[in-house]
Amino acid sequence: MARRHNLIFFIIFAVFFGFLLVTGEPISVGDTFQYESQMVMREPIYALLIQVLRFVSPKDHYWLIIILQNILAIAANTVFIAWIRKRFGLNVWVSLLFTAILLVPHIMTPIFASTHLVLTNALMTEGILFSLYPLAMMCLMNMLWSGKAVGRESLTTIGLFLLLSLIRGQMMVLFVVWFLVAFVLAVKNAVKDRKNTFDLAENIAKRGFLAAVAVFIIAFAARSVLIRVYNYCEQGLFVETASGKAMSFANILYVADRSDGDAIAEDALRQLFYEMYDAADADKMNYKYAKKGILNSAAYHEKCHDELNFTYFGEPAKRYVGETRGIYTDRYQELMIAVDGVAVQLSSALMPQVLGRYIQNYITVITLGFIRTVAYEHPLLAWYALLIYIVAVVLTIVLWKKDHESMAAAFMAVMLVTIVGNVCATALMIQCISRYMIYNLPLFYMAGFLELLELFGVKSRKAS
């Protein structure tokens, strides 16, 4: 019976993503060229995917990519629905609701996002990440419910997280979520086994904490080595992914005042900052020109960020690197690495001067990020988002008080931690646009619905 019902969900996904495929076409975006050229500014997996499919069909590789992306979406979403039905014993009607919820990002982005992208037809990392992400969370929950800080489930999970981080750097936050789950499991098991207060710390170590620390460090190191080896093989440069520091500096430039440049000791670098600041300020690309209100401030920062990064910082910084280090566009990969270095120098000098304004702006950016994770940005929906987060936290506490082994509460707790990590980490680098935020939207609402079912004692018919 369960297999027959799972076939229903497979058909739904096949029809939905099949329709997107046959009625659409490959969508090239600003990042596509960088992936296709295996540039050091991008992680390796998607670039390698393009490379392989271009070898298979030089003329039609874009079509092969979106065919693969839509097939992956069908398969991954079917697997996730089958898993959650079995784990929570969901009946067909609840499963159909969850099927619809899984499709929300693929409906919201074309309609509401400024890019209007069909995710599975776009030639960018989101084309595969939105399909793989629920599977990653599935593995994380299996790890949690296994009760082992380090075991088969936890190693599978960190391995999948490593893969996702090699597709998009944003996914590195999942390493931290993994470690927190492993720590909680180690402490939980240690508390159960403790004989007295003095041996609790020793029990935590024995129950997997030290092993989790080792795995965590190895995962980060492995990612660094793999990226460096990839960049060396492709570009002859044994370096990490470049451009992240430049993106981060755009946030500092946005909140800077001209007088902050006095803190830059090196004359040439100080003059470079003044050039950047004056050009940006003349075009009102600065916090001072934002309208009052948190959402207005966040929206204005979002409008300015990319221009600050690529135009007001990027172009003068490239010229500065050429003049001071003799690296020009004919050595483009090295140039972008050097530009990142300029961003580090400027950030180090300016951050102490702008820290207060930076924190204030950061709060406005993460506020919009939290809203976009669960809703659309609108003053009324901002209050809805606040309410729904409060409800989620309260439900989780209530269910845990009733039953410390509540699966729904555990699911929601993990989702809340993951949302906080994703929003706060993304805001450090770039603006919290919708397609960076809504990875967790379907899973958050599923966890909330499961909590309501558990709270009111509604028993779904067991999926057989």
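The structure presented is a predicted model; accordingly, all values stated were derived computationally and were not measured.
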Does NZ belonging to Lys318 count more than 12 external heavy atoms closer than 6.0 Å? yes
Heavy-atom nearest pair, Pro105 first then Leu119, reads O-CD1, 3.8 Å
Are any side-chain N or O atoms of Asn121 and backbone N or O atoms of Leu20, one a donor and one an acceptor, separated by less than 3.5 Å? yes
Could you grab the distance from atom CZ of Phe220 to atom CG of Leu162, nearest 0.5 Å is fine? 10.5 Å
Are more than 12 heavy atoms from other residues, nucleotides or ligands located less than 6.0 Å from atom CD1 of Ile294? no
Please check this pair: side chain of Trp178 against backbone of Phe216, looking for a donor-acceptor N/O pair closer than 3.5 Å. no
CD1 (Ile101) and CZ (Phe449) are apart, to the nearest 0.5 Å, by 7.5 Å
Exactly one candidate in Val118, Leu123, Thr120 meets side-chain contact (heavy atoms from CB on, under 4.5 Å) with Ile27; the answer is Val118
Spell out, as yes or no, whether a donor-acceptor pair under 3.5 Å connects the side chain of Asn422 to the backbone of Tyr436. yes
Determine the sole option in Leu350, Val339, Leu308 for which the side-chain contact (heavy atoms from CB on, under 4.5 Å) test with Phe249 is passed. Leu350
Test item: Asn189 side-chain N/O and Gly147 main-chain N/O as donor-acceptor pair under 3.5 Å: yes
Crowded around Arg319 CZ? As in, over 12 foreign heavy atoms under 6.0 Å? yes
Quick one about Ser131 and Gln69 (side-chain donor to acceptor, distance below 3.5 Å, no hydrogens or angles considered), yes or no? no
Would the distance check show the side chain of Thr157 and the main-chain N or O of Cys139 forming a donor-acceptor pair, the cut-off being under 3.5 Å? yes
Please step through salt bridge (charged side-chain N to carboxylate O under 4.0 Å, His left out) for the pair Lys148 and Glu153, ending with a clear verdict. CA-CA 8 Å; Lys148 298 177 182 178; Glu153 292 83 1; 5.6 Å; no
Polar contact flag, side-chain donor to acceptor under 3.5 angstrom, Arg85-Ser95: yes
Surrounding OH of Tyr384 (heavy atoms of other residues, nucleotides or ligands, distance under 6.0 Å), is the total greater than 12? yes
Check: Phe13 and Leu103 side chains under 4.5 Å, non-hydrogen atoms: yes
Would a 4.5 Å heavy-atom cut-off, applied to side chains only, mark Asn361 and Tyr287 as touching? no
Quick check against the 3.5 Å criterion: does Gln38 have a side-chain atom that pairs as donor or acceptor with the backbone of Ala47? yes
Using the benzene-type ring in the case of Trp, are the ring centres of Phe88 and Trp145 under 6.0 Å apart? yes
Check Gln170, Glu43, Arg223 against Ser165 for a side-chain hydrogen bond (donor to acceptor under 3.5 Å, both in side chains) and give me the one that passes. Arg223
Take Ile227 and Leu166 through the test side chain to side chain contact (heavy atoms under 4.5 Å, CB included) and record every step on the way to the result. CA-CA 8 Å; Ile227 289 176; Leu166 291 170; 3.7 Å; yes
Taking Gly244's backbone N and O only, do any of them form a donor-acceptor pair with Ser248's side chain (distance below 3.5 Å, no angle check)? yes
For the pair Asn70 (side chain) and Ile66 (backbone), establish whether a donor and an acceptor sit closer than 3.5 Å, ignoring hydrogens and angles. yes
Under a plain distance cut-off of 3.5 Å, with no hydrogens placed, do Tyr46 and Asp31 share a side-chain donor-acceptor pair? no
Checking Thr426 side chain against Val423 main chain: does a donor-acceptor pair fall under 3.5 Å? no
A side-chain contact here means heavy atoms from C-beta on lying under 4.5 Å apart; do Phe310 and Met247 qualify? no
Identify the two heavy atoms, one from Met407 and one from Arg87, that lie closest to each other, and give their separation to 0.1 Å. CE-O, 3.4 Å
Minimal heavy-atom distance between Phe130 and Arg435, with the atoms involved, is CZ-O, 3.5 Å
Could you check whether any side-chain N or O of Glu315 sits under 3.5 Å from a backbone N or O of Tyr312, counting only pairs where one atom can act as donor and the other as acceptor? no
Can you find a pair of side-chain heavy atoms, one from Val239 and one from Gln333, that are under 4.5 Å apart? no
Taking all heavy atoms of Ala73 and all of Asn77, pick out the closest pair and write down the distance. O-ND2, 2.7 Å
Could you check whether any side-chain heavy atom of Tyr376 comes within less than 4.5 Å of a side-chain heavy atom of Ile371, counting everything from C-beta outward? no
Decide, yes or no, whether a salt bridge links Glu234 with Arg228 under the criterion of side-chain N to carboxylate O below 4.0 Å. no
Rounded to the nearest 0.5 Å, what separation is found between the CG atom of Leu135 and the CG atom of Leu140? 12.5 Å
Min side-chain heavy-atom separation Leu48-Tyr230 under 4.5 Å: yes
Is there a side chain to side chain contact (heavy atoms under 4.5 Å, CB included) between Ile397 and Val394? Walk through the geometry before answering. CA-CA 5 Å; Ile397 294 171; Val394 171; 5.8 Å; no
Take atom OH in Tyr358; do more than 12 heavy atoms of anything else shown fall under 6.0 Å from it? yes
Nearest 0.5 Å, what's the CG-CE distance between Asn440 and Met137? 6.5 Å
Distance check, rounded to the nearest 0.5 Å: Met41 atom CE versus Asp340 atom CG? 9.5 Å
With Leu443 as reference, evaluate Met412, Met138, Met415, Met141 under the side-chain contact (heavy atoms from CB on, under 4.5 Å) test and give the passing residue. Met415
Does Phe238 CZ have over 12 foreign heavy atoms under 6.0 Å away? yes
Taking the side chain as everything from C-beta on, heavy atoms only, tell me whether Val393 gets closer than 4.5 Å to Leu416. yes
Would you say Arg331 has more than 12 foreign heavy atoms packed within less than 6.0 Å of its CZ? yes
Is there side-chain contact between Leu368 and Met437, with heavy atoms separated by less than 4.5 Å? no
Nearest heavy-atom pair of Ala382 and Leu295: which atoms, and what distance? CB-CD1, 4.3 Å
Enter the distance from Ile167:CD1 to Tyr35:OH here, rounded to the nearest 0.5 Å. 9.5 Å
More than 12 non-hydrogen atoms from neighbouring residues, nucleotides or ligands closer than 6.0 Å to OH on Tyr232, yes or no? no
For Tyr133 and Tyr439, run ring pair (Phe, Tyr, Trp, His ring centres under 6.0 Å): C-alpha distance rounded to whole Å, both residues' side-chain angles, the deciding distance at 0.1 Å, then the answer. CA-CA 7 Å; Tyr133 192 82; Tyr439 287 99; 5.3 Å; yes
So ring-ring contact (aromatic ring centres under 6.0 Å, His included) across residues 53-75, not counting sequence neighbours, yields none
Work out which heavy atom in Tyr328 is nearest to a heavy atom in Gly322; give both atom names and the distance. OH-O, 2.9 Å
Before you tell me yes or no, could you show the steps for Arg42 and Glu36 under salt bridge (charged side-chain N to carboxylate O under 4.0 Å, His left out), namely the whole-Å CA-CA distance, both residues' side-chain angles and the distance that decides it to 0.1 Å? CA-CA 10 Å; Arg42 296 295 170 181; Glu36 187 152 33; over 6 Å; no
